[in-house]
Amino acid sequence: MPNIAVIGAGVNGVASAIKILEHYVNDGKTPIKVTIISEDFTPNTTGDGSAGLWGPYLLGGTSQAKVYKWSKSMHQFLEKIWLSEDAGEAGVCLLPCIRLSTSTVDTVEDFWRDIVYGAVDLSKEQLAAYNKGRSVKFTSGLSFVTYTSEPIKLLPYLMKRFTRNGGVVVRKRITDLDAFVADSEYDVIVNCSGLGSKTLLNDDQMYAVRGQVSRVRANWIFSAVLDESDDGNYIIPNVVLGGTHQERDYNTKVCQNDRRMIVDGCQRYIPGLEHTECLFDWVGLRPGRTQLRLEAERRGRKLLIHNYGHGGSGVTLCWGCADDVLNILLAAKNGSKL
Ligand SMILES: Cc1cc2nc3c(=O)[nH]c(=O)nc-3n(C[C@H](O)[C@H](O)[C@H](O)COP(=O)(O)OP(=O)(O)OC[C@H]3O[C@@H](n4cnc5c(N)ncnc54)[C@H](O)[C@@H]3O)c2cc1C
Ligand SMILES: O=C(O)C(=O)CO
């Protein structure tokens, strides 16, 4: 019966660990052993400062078909939690959302419009309202209803589910992945180290996408607005004002110029934000990559599964990517390679 380790306790590591623990049935008798090994845990992972809005974002060249599959699985998972008694604890909220685009090539990235509820294109008049005073005009907008699942609540909820089902947790930094795979007691290692994979694997396709946000007290805002253009701002209950996405910028300190851009930019959409109290500013380094890496490699008789590079969509994709981590594991088992 395989002994499985998941490196990383961000949304992707925890989702993958839960999927395996709950769905990898060995002989049906002996419970499987799954261990999350991580240097940091919530509230110190990349997702913890984000609003956790559902929506594919900053995914490089990752195939749309895969993003559709993975993000749909997460939307269905959030719907299940929303309709359960756990929504409050898990930080899941259903809210209206408007996404705006200045692209002259295509409309809002809406290959996923049938996943969300009630997607409708904004009319010319509605777009005009958002274009008032703008030099670069929005060319399209999509209005729909979707979920937020704030990792600062989702992660503790999922970690509790993991440990309650017998999952093991070890706080440790892996410095040499090859040695860890070769010498550790684990038969399967799932690498969900996010940006950590850049050093762990010397992966030069990985790069930080710096994100700074400001969190304000505005309990009268119940809907999200996102400007998808390059220096686009967003307002996401409750309430995160965004937001920068500076590629290859590893500065984790709050920058006052960025703060100005964020606050002034968001006030253009909702002028009432001028009267809100700023609670704190936060910076996170998104695990950017030319494309998300979800694949396996054999290391002798062991299996190493990679699941990292989720850019600005780790919360949106984590449950669907965990499905494929499990599928890889089951295929290896059925091929009796484990
Ligand atoms: C400002 C901002 C806003 C965002 N908003 C959203 C949003 O609304 N919706 C959305 O879907 N996404 C959003 N994101 C993106 C999302 O936060 C990330 O894609 C996601 O958190 C990545 O999760 P992960 O588990 O892959 O990596 P991480 O959360 O980075 O976790 C990696 C884990 O691996 C561990 N680790 C790394 N290296 C090692 C090592 N060598 N040894 C042991 N452990 C190691 C770390 O300690 C950590 O626990 C946002 C990001 C930012 C910065
Ligand atoms: O800032 C990000 O990465 C987002 O996904 C905002 O929704």
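Indexing begins at 1, ligand by ligand and atom by atom, following the structure's order.
Checking only distances, G312 does come within under 3.5 Å of ligand 1, N or O to N or O. The shortest N or O to N or O distance between G47 and ligand 1 is below 3.5 Å. Backbone and side-chain nitrogen or oxygen atoms of T46 are examined, and one is located within less than 3.5 angstrom of a nitrogen or oxygen of ligand 1. Polar contact check, I174 against ligand 1: a nitrogen or oxygen pair lies under 3.5 Å apart. At a 3.5 angstrom cut-off on N or O pairs, Y57 does not count as close to ligand 2. Residue-to-ligand polar distances keep G194 apart from ligand 1: every N/O pair is separated by 3.5 Å or more. For a threshold of 3.5 Å applied to N or O pairs, the pair formed by V315 and ligand 1 contains at least one separation below that value. Looking at Y234 next to ligand 1, no N or O pair under 3.5 Å apart turns up. Note: an N/O pair closer than 3.5 Å links G312 and ligand 2 by distance alone. Of the N or O atoms in L200, none lie within a sub-3.5 Å distance of an N or O in ligand 1.
Comparing G49, S193, A9, C321 by heavy-atom distance to atom 39 (C) of ligand 1, the nearest is S193. The residue among S197, C318, S50, S71 with a heavy atom at the shortest distance from atom 5 (N) of ligand 1 is S50.
Exactly one residue among R298, K33, R299, R301 makes a salt bridge (Lys or Arg N to Asp or Glu O under 4.0 Å) with D187. That residue is R301.
Close contacts between ligand 1 and G196 involve ligand atoms 38 (N) [criterion: under 4.0 Å to a heavy atom]. Atoms of ligand 1 found under 4.0 Å from any heavy atom of C192 (numbered from 1 in listed order, with element): 32 (C), 33 (C), 34 (O).
Among protein heavy atoms, the minimum distance from atom 7 (O) of ligand 2 is reached at I236 CD1, 3.7 Å. For atom 16 (C) of ligand 1, the closest non-hydrogen atom on the protein side is G314 N, 3.9 Å. The closest protein non-hydrogen atom to atom 44 (N) of ligand 1 is E39 N, 3.0 Å. Among all protein heavy atoms, the one lying closest to atom 1 (O) of ligand 2 is Y234 OH, 2.6 Å. Closest protein heavy atom to atom 8 (O) of ligand 1: L53 N, 2.8 Å. Counting only heavy atoms of the protein, atom 51 (C) of ligand 1 lies nearest to R286 CG, 3.6 Å.
For V209, the closest heavy-atom approach to ligand 2 does not fall below 4.0 Å. In this structure, K172 counts as a contact residue of ligand 1, since one of its heavy atoms falls inside 4.0 Å of the ligand. Within the 4.0 Å heavy-atom shell around ligand 1 one finds G311. Ligand 1 lies within reach of V213, whose nearest heavy atom is under 4.0 Å from it.
Using a 4.0 Å cut-off between heavy atoms, F180 makes no contact with ligand 1 at all. Contacts between R286 and ligand 2 below 4.0 angstrom, taking non-hydrogen atoms only, involve the side chain exclusively. Under 4.0 Å from ligand 1, heavy atoms of D40 appear from its side chain as well as its backbone. Only the side chain of W282 comes within 4.0 Å of ligand 1, judged by heavy-atom distances.
For E228 against R99, the heavy-atom pair with the smallest separation is OE2-NE, 2.7 Å.
The side-chain heavy atoms of L53 and L226, taken from C-beta on, include a pair separated by under 4.5 Å.
Residues W54 and W112 bring their aromatic ring centres within 6.0 Å. Taking the ring centroids of Y234 and H245, they lie at or beyond the 6.0 Å cut-off.
Counted within 6.0 Å of CZ on R217, heavy atoms from surrounding residues, nucleotides or ligands total 12 or fewer; the atom is thus considered open.
Looking at R289, its side chain does come within 3.5 Å of a backbone N or O of Q291 through a donor-acceptor pair.
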